[in-house]
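No hydrogens, no waters, no symmetry mates; every other heavy atom, side chains included, goes into these values.
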Amino acid sequence: LSETLASRLSEATEALKNWSDSASLTGLEFGENITEQVNQLTDQIRSVSQPLANARKEAADAIGNQVNELYDSLTQLTGPSGDRELAMNISGRITELTDLIDETVTVSTRGGARK
């Protein structure tokens with residue numbers, strides 16, 4: 001599981017970083033500072049990859065799924081249907097994902113079960 005999760009996290013962070021780099025290069029600005037939030041999320045995932053690898057499968061799957069959904073939304077945002085409402089939704093998703101990662105890492109390092 002830890003190799004699979006590490007691989008998924010690596011792919012996810014690479015996809016998020018590529019999106020962020022593309023958005024920066026094209027000068028996209030969404031008012032929610034999403035590019036900066038994506039960069040911070042990418043750094044956070046990279047910094048906690050080992051504790052996440054030790055997380056319960058359910059938590060790891062939830063994080064992986066949310067990262068994939070976030071990437072899909074970011075792709076939409078940079079497409080023709082991107083708008084301020086979608087940007088706000090994405091900003092909220094990044095916050096939720098950041099909180100989930102923090103909670104998962106805290107529980108994993110304590111060895112407890114997630115409620």
Taking only residues two or more places apart in sequence or in another chain, which ones pass side-chain contact (heavy atoms from CB on, under 4.5 Å) with Thr95?
Gln37, Asp99

Using side-chain contact (heavy atoms from CB on, under 4.5 Å), reason through Gln40 and Glu36 one step at a time and then give a plain yes or no.
CA-CA 6 Å; Gln40 289 172 350; Glu36 184 177 317; 3.3 Å; yes

Set out, in order, the CA-CA distance, both residues' side-chain angles and the distance that settles side-chain contact (heavy atoms from CB on, under 4.5 Å) for Asn89 and Arg93, then state yes or no.
CA-CA 6 Å; Asn89 178 284; Arg93 283 183 179 204; 3.2 Å; yes

Closest heavy-atom pair, Gln66 versus Glu96, reported as atoms and distance to 0.1 Å, is OE1-C, 4.2 Å

Is there side-chain contact between Asp102 and Gln44, with heavy atoms separated by less than 4.5 Å?
yes

Sole candidate of Ile101, Thr104, Thr106 that passes side chain to side chain contact (heavy atoms under 4.5 Å, CB included) when paired with Val48:
Ile101

So, the side chain of Thr98 versus the backbone of Ile94: is there a donor-acceptor pair under 3.5 Å, distance only?
yes

What are the two closest heavy atoms between Val38 and Leu16, and how far apart are they?
CG1-O, 3.4 Å

Could you check Val67 against Leu41 for side-chain contact (heavy atoms from CB on, under 4.5 Å), going step by step and ending with a plain yes or no?
CA-CA 10 Å; Val67 169; Leu41 176 62; 5.6 Å; no

